[in-house]
Amino acid sequence: MYDVKLVREDFPILSREIYGKPLVYLDNGATTQKPRQVVEAMVDEYYNVNANVHRGVHFLSQQATDLHEASREAVRQFIHARSMSEIVFTRGTTESINLLAFSFGEAMVHAGDEVLVSVMEHHSNIVPWQMMCERKGAQLRVIPMSDEGELQLDALEGMLNERTRIVCCTQVSNVLGTVNPVKEVVKMAHKWGVPVLVDGAQSAPHMVVDVQDLDCDFFAFSGHKVYGPTGVGVLYGKETWLEQLPPYQGGGEMIQKVTWERTTYNQLPYKFEAGTPDYVATHGLAKALEYVSALGMENIETHEQALTRYALKRLGEIEGMQIFGKANEHDAVISFLVGNIHHLDMGTLLDHLGIAVRTGHHCAEPLMRRLGIEGTVRASFALYNTTEEVDALVEGIEQVRRMF
């Protein structure tokens, strides 16, 4: 049985009070809180194992290296990748996509080529591709969505052509909560021999991810959204693709041999990991993945889906409530506006009731323009949230609405 009360005991911050009110933390789409198991593992490594990895023959270096590479194996298992060589550590989803956009662009994109991204992408899956297209003389094309917030696969099918070089699509929208049919996207793109990048920042914390089943060519996610530390993330890439791409950065670790005449590069995945990695953070990430795996990703998904359904029902009862995103496949994110109340006013007043939500454009300005709004209030749920917290959110919104 999934016992959310026992789960909450692992997160000390959830017992805090804000302005004299119990903390109701509903900004998990931005970052999740960390269980004590993650923090304690990182503290223990700093106190007892700290040494640079891959560089030393002494005991501490060997021990730190073993922990770092065990973390890579933990990631491989978590996303069901074929090989550890396909797991590249980065600083997060943003750096993962920047790495891919640069390296893929250098090797595979030429003037007149096209890159496809969906209209619901986070800026991190738009701007790096824009920069690459400007540099290479390529064109960025946008896959549209329906008014309900569902990706239009028929439009995508008509956009794919011999000039398409890559398709980039989020698995879960950080605004609408839409769960995109990325497996179908991959199948459609592969008919043209086109690789697909899946942005998994909002999916990895909430559902089982199997990159081999999806058959995606690249997958990116961030540690801090999966109950791990900040400043660490992952780029998964099929080995056949990563072998073809040049390094993103130069320096230590990514080299095989350096002479004045030329440098040869290290084997995968180290070719893409220049410099000292945050080996303590990778250990923390591994502990976070162990934590959610022990709870069971299926159990987490069941809990969060039930919570989301309950929240949608309760929020829908509020006068003047407008919820954005009506897709059939919906994850643990709800964006809304209430009457004419500005989203910043709503968020600020909810904060004084101890309720932490997100306000603004959520790093998705093109999507906001598609919706015809400036921004929304966003409540995003995690494995430790409860129906009582949803009730507190609804009561808080009602209090703000009455004020206006």
Side-chain angles (χ1 to χ4, degrees), residues 97 100-101 104-105 107-203 211-220 237-238 240-241 244-245 324-331 335 361-373:
I97 297 175
L100 181 62
F104 188 89
M108 303 294 172
V109 180
H110 302 90
D113 289 342
E114 297 178 353
V115 173
L116 305 186
V117 302
S118 89
V119 69
M120 62 183 78
E121 297 307 309
H122 188 281
H123 292 166
S124 293
N125 208 17
I126 297 173
V127 179
W129 299 108
Q130 282 182 328
M131 295 167 68
M132 186 273 287
C133 286
E134 290 172 3
R135 190 173 72 249
K136 303 293 289 189
Q139 181 183 2
L140 190 71
R141 301 185 65 195
V142 182
I143 309 164
M145 70 177 191
S146 68
D147 290 339
E148 290 72 32
E150 296 184 326
L151 201 64
Q152 294 184 316
L153 293 182
D154 54 345
L156 169 61
E157 189 169 26
M159 295 170 71
L160 289 161
N161 60 64
E162 65 278 356
R163 296 185 302 277
T164 309
R165 290 295 166 262
I166 191 168
V167 175
C168 309
C169 182
T170 185
Q171 190 167 15
V172 175
S173 167
N174 74 312
V175 174
L176 305 173
T178 300
V179 181
N180 282 319
V182 292
K183 196 169 181 178
E184 294 304 311
V185 171
V186 169
K187 287 179 181 177
M188 293 171 65
H190 283 182
K191 287 180 181 178
W192 288 88
V194 173
V196 176
L197 161 68
V198 175
D199 177 350
Q202 297 294 336
S203 60
V211 292
Q212 292 190 79
D213 180 61
L214 294 175
D215 200 24
C216 60
D217 304 275
F218 305 99
F219 186 92
K238 287 182 179 177
T240 51
W241 277 110
Q244 299 178 63
L245 304 184
F324 298 90
K326 305 288 186 180
N328 289 326
E329 295 293 327
H330 194 281
D331 201 48
S335 290
H361 54 63
H362 314 301
C363 295
E365 287 189 86
L367 176 57
M368 292 296 148
R369 282 191 288 274
R370 167 64 177 84
L371 296 171
I373 55 177

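We use all heavy atoms of the structure for the numbers below, so side chains are in, but hydrogens, waters and symmetry mates are not. Residue indices begin at 1 and follow the sequence shown.
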For this session: Starting at CZ of Phe104, measure out to CE of Met132 and round the result to the nearest 0.5 Å.
Result: 7.5 Å

Exercise. Does Val182 reach the side chain of Cys169, with side-chain heavy atoms less than 4.5 Å apart?
Worked result: yes

For this session: Without swapping roles, check the side chain of Lys238 against the backbone of Asp215 for a donor-acceptor pair under 3.5 Å.
Result: yes

Exercise. Going by heavy atoms in the side chains, are Ile166 and Leu116 under 4.5 Å from each other?
Worked result: no

Exercise. If you take all heavy atoms of Thr164 and Val167, which pair is closest and at what distance?
Worked result: CG2-CG2, 4.3 Å

For this session: Using atom types as modelled and distance alone, determine if a side-chain donor or acceptor of Asp199 lies under 3.5 Å from a backbone N or O of Ala201.
Result: yes

Problem set entry | Backbone of Val179 reached by a side-chain donor or acceptor of Gln171 within 3.5 Å | no

Exercise. Would a distance-only check, ignoring hydrogens and angles, find a side-chain to backbone donor-acceptor pair under 3.5 Å from Asp331 to Gly177?
Worked result: no

Problem set entry | Pair His123 + His362: ring centers closer than 6.0 Å | no

Exercise. Tell me, do Arg141 and Asn161 make a side-chain contact under 4.5 Å, heavy atoms counted?
Worked result: yes

For this session: Look up atom OG in Ser173 and atom CZ in Phe324, then write down how far apart they are to the nearest 0.5 Å.
Result: 12.5 Å

For this session: Without swapping roles, check the side chain of Asp217 against the backbone of Val196 for a donor-acceptor pair under 3.5 Å.
Result: yes

Problem set entry | CD (Gln212) with more than 12 external heavy atoms under 6.0 Å | yes

Problem set entry | CG-SG distance between Asn125 and Cys363, expressed to the nearest 0.5 angstrom | 12.5 Å

Exercise. Going through the distances and angles, do Trp129 and Ile97 end up as a side-chain contact (heavy atoms from CB on, under 4.5 Å)?
Worked result: CA-CA 9 Å; Trp129 299 108; Ile97 297 175; 3.6 Å; yes

Exercise. Do Lys183 and Asp213 come within less than 4.5 Å of each other through their side chains, counting heavy atoms only?
Worked result: yes

Exercise. Should Val115 and Cys133 be marked as a side-chain contact (heavy atoms from CB on, under 4.5 Å) after you check the CA-CA gap, both sets of side-chain angles, and the distance that decides it?
Worked result: CA-CA 8 Å; Val115 173; Cys133 286; 4.0 Å; yes

Problem set entry | Contact summary for Ala107 and Leu245, nearest pair of heavy atoms | CB-CD2, 4.1 Å

Exercise. Atom CE of Met131 and atom NZ of Lys136: how far apart are they, to the nearest 0.5 Å?
Worked result: 14.0 Å

Problem set entry | Considering all heavy atoms, the nearest Pro195-Phe218 contact | CB-CE1, 4.2 Å

For this session: Indicate whether the side chain of Asp113 and that of Gln139 have a donor and an acceptor atom separated by less than 3.5 Å.
Result: no

Exercise. Any side-chain heavy-atom pair from Cys216 and His190 closer than 4.5 angstrom?
Worked result: no

Seminar exercise, completed: dist Met188:CE -> Glu157:CD (nearest 0.5 Å) comes out at 4.5 Å

Exercise. If you measure from CD on Glu114 to CD on Glu162, what distance do you get to the nearest 0.5 Å?
Worked result: 8.5 Å

Seminar exercise, completed: Closest non-hydrogen contact found for His110 with Ala138 is O-CB, 4.1 Å

Exercise. Are any of the side-chain heavy atoms of Thr170 and Asn180 separated by less than 4.5 Å?
Worked result: yes

Seminar exercise, completed: Heavy-atom nearest pair, Leu176 first then Gly149, reads CD1-CA, 3.9 Å

Exercise. Going by heavy atoms in the side chains, are Gln244 and Met108 under 4.5 Å from each other?
Worked result: yes

For this session: Starting from the C-alpha separation in whole Å, work towards a yes-or-no answer on side-chain contact (heavy atoms from CB on, under 4.5 Å) for Gln152 and Ile143.
Result: CA-CA 7 Å; Gln152 294 184 316; Ile143 309 164; 5.7 Å; no

For this session: Taking all non-hydrogen atoms of both residues into account, name the closest pair between Pro181 and Leu153 and its distance.
Result: CG-CD1, 3.9 Å

Exercise. Checking Arg370 side chain against Met145 main chain: does a donor-acceptor pair fall under 3.5 Å?
Worked result: yes

Exercise. Tell me, do Thr178 and His330 make a side-chain contact under 4.5 Å, heavy atoms counted?
Worked result: no

Problem set entry | Ser335 (side chain) donor-acceptor with Val175 (main chain) under 3.5 angstrom | yes

